[in-house]
Each structure stands twice: as structure tokens, then as C-alpha cells.
*Asks:* 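Please see the structure below; I have some questions.
Nothing fancy with the numbering, it's 1 onward along the sequence.
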Amino acid sequence: MFDLIVRNANLPDGRQGIDIGLAGGKITAIEKSLPASAGQKIDATGRLVSPPLCDPHFHMDATLSLGLPRMNTSGTLLEGIALWGELRPLLTKEALVERALRYCDLAVSQGLLFIRSHVDTSDPRLVTAEALIEVRERVAPYIKLQLVAFPQDGYYRAADGETSLQRALDMGLDIVGGIPHFERTMDEGRRSLEALCRIAADRGLPVDIHCDETDDPLSRHIETLTAETVRFGLQGRVAGSHLTSMHSMDNYYVSKLIPLMAEAEINVIANPLINIMLQGRHDTYPKRRGMTRVPELMRAGLNVSLGQDCTMDPWYSMGSGDMLEVGHMAIHVAQMGGIEDKKKIFDALTINSAKTMGLEGYGLEVGCNADLIILQAADIIEALRLKPTRLAVIKSGKVLSKSAPRIGELFLDGRPASIDPGRDYVPAG
């Protein structure tokens with residue numbers, strides 16, 4: 001007897017017509033024509049069933065704050081930082097919690113059940129940390145929320161930056177963050193990475209650094225991060241987020257850098273939507289798009305994930321909580337249009353991000369947690385093309401969200417009466 005059986009599912013590995021049995025919060029069977037009964041049944045009707053989507057890089061303290069206290073008229077990173085500085089003194093715990101919970105509602109409907117959020121610790125009030133810790137507890141039944149202590153204005157550059165970060169970690173934030181390229185000097189950036197990696201080693205915590213989010217090819221803090229990772233024995237526990245300066249670096253230097261990153265087992269997090277929106281602002285034409293070297297890093301064996309970064313905040317006026325939108329954009333920017341390329345991009349939204357986040361029990365195998373999403377698409381290639389409706393979102397064997405398929409009615413003489421984009425336009429091959 002199963003709690004729930006999902007029948008006639010297509011799996012990310014290409015298997016079709018598979019039944020998935022869920023019991024006790026775990027996946028307990030995956031096979032064709034599962035001969036069993038269940039308290040609840042869902043017919044996937046030949047649609048894609050996947051593990052939930054993950055977002056390893058987000059800013060939940062800023063989400064849905066677009067227009068407060070004013071709009072970012074230039075659309076640049078620096079004006080966004082300045083605007084956040086204007087908003088930060090006005091923040092209240094209640095407003096932060098309300099906006100974050102609203103975003104989490106949206107995330108669930110999009111099948112996004114695992115989120116790592118950077119939490120600005122530059123305001124000594126630490127109201128952001130207080131609010132996000134409360135949110136983490138409130139959403140725990142349906143979203144795994146990891147919190148990064150992030151010194152937005154610089155570990156050394158911000159007044160009380162060092163003590164505020166330590167206090168935030170004492171409050172219970174999960175991960176050590178940093179932003180070396182925003183320190184006053186390159187040397188202070190280097191020293192910040194040494195200090196932050198030492199803190200992480202002493203506390204037994206992971207590290208996630210906003211690293212070289214700039215067009216400057218001489219911003220090479222990732223090199224220091226790899227060295228400090230090895231020095232403190234943090235291999236596999238460190239993430240380099242953004243890494244946009246790699247887009248502009250000399251190829252010879254990168255040929256040295258990537259093997260060092262692989263040696264240190266750095267987890268790479270690119271953020272396609274925000275990277276291409278904010279980078280290259282000082283260029284005329286040709287205009288750099290800024291996203292780091294995703295295909296090259298993947299080929300070198302590094303664990304590459306994709307993050308959303310922002311939704312409707314001072315830096316990014318767009319966003320929908322849809323990680324497939326992130327993957328869709330990455331395919332274009334990285335020119336990864338081949339079938340195998342797209343499989344790698346889907347992995348970057350799921351299993352790679354789960355590895356970056358250190359998630360336990362994640363996946364679509366017997367024994368994994370009973371966390372699934374059903375999408376209105378036949379396979380992962382079509383999911384990335386269509387960014388389809390999430391027909392059902394399941395957490396620990398319980399249905400959290402359901403949506404009707406997107407079906408278009410037609411009133412055309414001699415033509416079909418309806419269109420299902422997830423079924424009627426599957427490639428002939």
C-alpha cells in the first residue's frame with residue numbers, strides 16, 4: 001500500500017511510462033505498471049516528472065521590493081546597491097517576513113522547493129537576519145531555506161562589518177558569505193577571503209562568495225578563493241557565485257585558473273538573468289554579456305549550478321520564481337543549444353544545485369525523499385523550451401500545489417479545436 005502513486009510518468013533520464021510509488025515520505029518504488037494500490041493516485045499522462053527545482057543563489061531579503069523607496073532608473077548594479085542602501089534603514093521585520101512568505105508561495109507553485117538566500121548583514125540591527133530566520137522556520141514544512149551571512153557593503157568596508165557577520169552566524173545563519181571585489185582595495189578583498197574561510201573552517205560551515213561580479217578582467221579573487229579553500233581544507237564546501245570577470249579574462253590565464261578551481265572542488269553558481277542584465281554597462285559595441293564560462297567549466301568537471309539571484313528588487317525588475325526561465329536564458333547566453341548541452345543545463349537546475357547546497361535525500365531514485373514535480377512537457381528538453389505549467393508539486397509525498405494544463409481553444413475553420421503546447425509540438429525526432 002502506497003500513500004501516493006504517480007502513474008505513466010516520463011523521467012529525466014528518458015524512461016517513459018513509469019509508475020512512482022511514494023510511502024512514508026520516501027520514494028519506495030519506480031517501475032512500469034506498479035501492481036499496487038494507494039491512498040491517492042495521479043496520472044502524469046506521459047508528462048515529465050522531475051525532482052523539484054533548486055535555486056542556490058537568491059536574495060530573499062530584497063525580493064518583491066521593486067519601487068521601494070524609488071526605481072533604479074539606470075538599471076545598473078551600482079545604483080541598485082545605492083538604492084538598497086536607501087531602503088535598508090527603512091526595513092522592518094514584519095515587512096521582510098511578509099514579502100519573503102509571498103515569494104515562497106510563488107516558489108512552491110513553480111516547483112521550487114530548495115532555496116539558498118544571501119542575507120545582508122551590513123546593517124548592525126540585523127533585522128534581515130531576524131526576519132529570514134523566522135521565515136526559514138515557517139516555510140520548513142515545504143521549502144528548505146538556507147541562509148548566507150552576506151556582508152553586502154564589504155566585510156572590511158562596512159562599518160562593523162566584521163562583528164555584524166559574526167553576530168549573524170551566532171544567530172543561526174547557515175553559510176559564510178563575502179564580496180571581495182567590493183572592498184576598498186584588491187588587497188582588502190584578498191584578506192577578506194582569508195578571514196571568511198578561516199571563520200568557516202573554525203565554525204564548520206560552508207562558504208558562498210559573491211566573487212568577481214564585475215567586467216574587470218583583473219578582478220581575480222576567485223584565484224585567492226581557490227587557494228584559501230585548499231589551505232583551510234574546505235574542498236567541496238565552497239561556492240563561487242557570479243564569477244563574471246571570467247567572461248572578460250585572458251584565455252591563457254583562464255587555462256591556468258580553471259584547473260585550480262577543479263583542484264579546490266569549487267562549486268560554481270552562474271546567474272544568467274541578472275548577469276546579462278547588469279554586466280557590460282560600460283561597453284558600447286560589441287557589448288559583453290557577462291555570464292561566466294559555463295560550458296568550459298562544465299567540461300573541466302566542475303559542479304556548475306544556475307541561480308535566479310533576484311525577483312522584482314532594486315537590481316532586477318523582472319523575475320517570476322521560475323528556474324526553467326533561468327535555464328532557458330542560460331542556453332541562449334552560453335550557446336548550449338545541443339541536446340546533451342540542454343541535459344547539462346537541466347542538471348544545473350536540479351542535481352548540480354542540490355550538490356552545491358549539500359541536500360540529503362534529493363533525487364529520483366528509490367530511497368530518495370518523496371519530492372516531485374509534474375510538468376506539462378514530455379521531457380527535459382521540452383521543459384527548457386516551453387517553461388511549462390507545473391501540473392503538480394509534491395513534497396514528502398503530499399501535494400502542495402496543482403495547476404490546470406495550459407490548453408488553448410481555437411475557433412478556426414478546418415483546424416484543431418485546441419492546442420496543448422506540451423503535447424502537440426514535440427519534435428518529430
Side-chain angles (χ1 to χ4, degrees), residues 12 50-60 107 110-118 143-148 150 174-177 206-213 222 225-226 229 234-244 246-247 258 261-262 264-276 290-311 319 321-334 336 341-360 362-364 371 373 380 383-384:
S50 165
L53 296 160
C54 307
D55 186 353
H57 188 103
F58 194 65
H59 292 265
M60 196 171 287
Q110 298 282 31
L112 172 55
L113 302 185
F114 303 96
I115 302 172
R116 175 179 288 184
S117 176
H118 293 256
I143 287 178
K144 172 70 173 179
L145 178 59
Q146 297 179 346
L147 301 178
V148 183
F150 175 48
D174 309 296
I175 299 159
V176 178
V207 178
D208 193 328
I209 302 295
H210 281 63
C211 198
D212 301 323
E213 188 184 1
I222 180 57
L225 182 59
T226 62
T229 296
L234 298 171
Q235 291 93 329
R237 293 163 48 192
V238 175
S241 291
H242 292 291
L243 303 177
T244 58
M246 288 185 70
H247 185 94
I258 290 180
M261 295 171 64
E265 300 175 34
I266 298 292
N267 295 290
V268 173
I269 306 174
N271 300 285
L273 299 174
I274 199 75
N275 291 160
I276 66 170
M291 191 174 77
T292 196
R293 303 186 185 210
V294 167
E296 292 82 2
L297 291 161
M298 286 180 168
R299 283 198 295 269
L302 281 96
N303 183 53
V304 179
S305 307
L306 298 176
Q308 184 179 203
D309 202 358
C310 305
T311 291
D322 185 355
M323 293 306 298
L324 291 175
E325 181 177 60
V326 175
H328 185 94
M329 184 62 72
I331 288 170
H332 290 82
V333 180
M336 294 179 67
D341 287 335
K342 291 175 183 175
K343 291 178 181 178
K344 292 176 182 177
I345 291 294
F346 193 83
D347 286 348
L349 303 170
T350 52
I351 59 175
N352 295 9
S353 289
K355 181 179 179 180
T356 296
M357 297 176 70
L359 302 180
E360 297 180 357
Y362 179 92
L364 195 50
D371 305 337
I373 56 175
I380 61 176
L384 286 164

*Asks:* Are N271 and S241 close enough that a side-chain donor and a side-chain acceptor fall under 3.5 Å?
*Replies:*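 There is no such pair (donor and acceptor under 3.5 Å, judged by atom type) between the side chains of N271 and S241.
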*Asks:* Please table the atom pairs, donor to acceptor, closer than 3.5 Å between any side-chain atom in residues 325-332 and protein atoms at least two apart or in another chain.
*Replies:*
unit_1: E325; atom_1: OE1; unit_2: S320; atom_2: OG; d: 3.3
unit_1: H328; atom_1: ND1; unit_2: L384; atom_2: O; d: 2.8
unit_1: H332; atom_1: ND1; unit_2: H328; atom_2: O; d: 2.7

*Asks:* Between H59 and F150, is there a side-chain heavy-atom distance shorter than 4.5 Å?
*Replies:*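 Yes, side chains in contact.
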*Asks:* Backbone N or O of M357 within a donor-acceptor pair of the Q146 side chain at under 3.5 Å?
*Replies:*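 Judged by distance alone, yes, a pair lies under 3.5 Å.
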*Asks:* Could you check whether the rings of H57 and H118 sit parallel, tilted or perpendicular, using 30° and 60° as the cut-offs?
*Replies:*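 Answer is tilted, since the angle falls between 30° and 60°.
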*Asks:* Would you say that L145 contacts S117 through its side chain, given a criterion of any heavy-atom pair below 4.5 Å between the two side chains?
*Replies:*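 Yes, side chains in contact.
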*Asks:* What I'd like to find out is whether the side chain of L243 reaches to under 4.5 Å of the side chain of M261, using heavy atoms alone.
*Replies:*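 Yes, their side chains come closer than 4.5 Å.
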*Asks:* To check you understand the geometry: which heavy-atom pair defines the closest contact between T350 and F346, and what is its length?
*Replies:*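 Heavy atoms only, the tightest pair is OG1-O, 2.8 Å.
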*Asks:* Which pair of non-hydrogen atoms, one from D208 and one from P56, has the smallest distance, and what is that distance?
*Replies:*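 So the minimum-distance heavy-atom pair works out to OD2-O, 4.0 Å.
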*Asks:* Which pair of non-hydrogen atoms, one from I209 and one from G177, has the smallest distance, and what is that distance?
*Replies:*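 So the minimum-distance heavy-atom pair works out to CD1-C, 3.8 Å.
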*Asks:* Restricting to side-chain hydrogen bond (donor to acceptor under 3.5 Å, both in side chains), what partner residues turn up for N352, sequence neighbours left out?
*Replies:*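 N352 satisfies side-chain hydrogen bond (donor to acceptor under 3.5 Å, both in side chains) with no other residue.
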*Asks:* To the nearest 0.5 Å, what is the distance between CG (L112) and CE (M323)?
*Replies:*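 One finds 6.5 Å between CG of L112 and CE of M323.
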*Asks:* Output all residues satisfying side chain to side chain contact (heavy atoms under 4.5 Å, CB included) with I258, sequence neighbours left out; order by chain, then residue number.
*Replies:*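 In terms of side chain to side chain contact (heavy atoms under 4.5 Å, CB included), with neighbours along the sequence ignored, I258 is linked to M246, V254, E296, L297, A300, L302.
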*Asks:* Ignoring hydrogens, what is the shortest heavy-atom contact between D174 and P206? Give both atom names and the distance.
*Replies:*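 Result for this residue pair: O-CD, 3.5 Å.
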*Asks:* Is there a side-chain contact between Y362 and I351, using heavy atoms and a 4.5 Å cut-off?
*Replies:*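 A side-chain contact exists here, since the closest heavy-atom pair is under 4.5 Å.
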*Asks:* To the nearest 0.5 Å, what is the distance between CG on L113 and CG on D371?
*Replies:*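 Answer for the CG-CG pair, L113 versus D371, is 6.5 Å.
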*Asks:* If you define the side chain from C-beta out and look only at heavy atoms, does anything of D309 sit under 4.5 Å from L273?
*Replies:*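 Not in contact.
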*Asks:* Do other residues, nucleotides or ligands put more than 12 heavy atoms under 6.0 Å from the NZ atom of K344?
*Replies:*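 More than 12 within 6.0 Å, yes.
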*Asks:* Working to the nearest 0.5 angstrom, can you tell me the gap between L234 CG and T226 OG1?
*Replies:*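 Rounded to the nearest 0.5 Å, the CG-OG1 separation comes to 12.0 Å.
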*Asks:* I'd like to know if the side chain of Q308 reaches the main chain of G321, judged simply by a donor and an acceptor atom lying under 3.5 Å from each other, with no hydrogens or angles considered.
*Replies:*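 Yes, Q308 side chain to G321 backbone: donor-acceptor pair under 3.5 Å.
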*Asks:* Counting distance only, does the side-chain N/O of T244 pair as donor-acceptor with the main-chain N or O of M291 below 3.5 Å?
*Replies:*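 The answer is no, because no donor-acceptor pair under 3.5 Å joins these two groups.
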*Asks:* Kindly indicate, with the supporting measurements, whether the criterion side-chain contact (heavy atoms from CB on, under 4.5 Å) is fulfilled by S50 and I380.
*Replies:* CA-CA 9 Å; S50 165; I380 61 176; 5.9 Å; no
*Asks:* When you measure from the side chain of R116 to the backbone of T356, do you find a donor-acceptor pair of N or O atoms at a distance under 3.5 Å?
*Replies:*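 Between the backbone of T356 and the side chain of R116 there is a qualifying donor-acceptor contact (under 3.5 Å).
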*Asks:* Which pair of non-hydrogen atoms, one from A383 and one from L324, has the smallest distance, and what is that distance?
*Replies:*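 Distance-wise, the nearest heavy atoms are O-CD1, 3.9 Å.
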*Asks:* Ignoring hydrogens and geometry, is there a side-chain-to-backbone donor-acceptor pair from D212 to H242 under 3.5 Å?
*Replies:*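 Checking the backbone N and O of H242 against the side chain of D212, no donor-acceptor pair under 3.5 Å is found.
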*Asks:* State, without any angle test, whether T292 and N275 hold a side-chain donor-acceptor pair at a distance under 3.5 Å.
*Replies:*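 T292 vs N275: no donor-acceptor pair found between side chains.
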*Asks:* Got Q110 and L53 here, is their nearest side-chain heavy-atom distance under 4.5 Å?
*Replies:*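 No, too far: nothing below the 4.5 Å cut-off.
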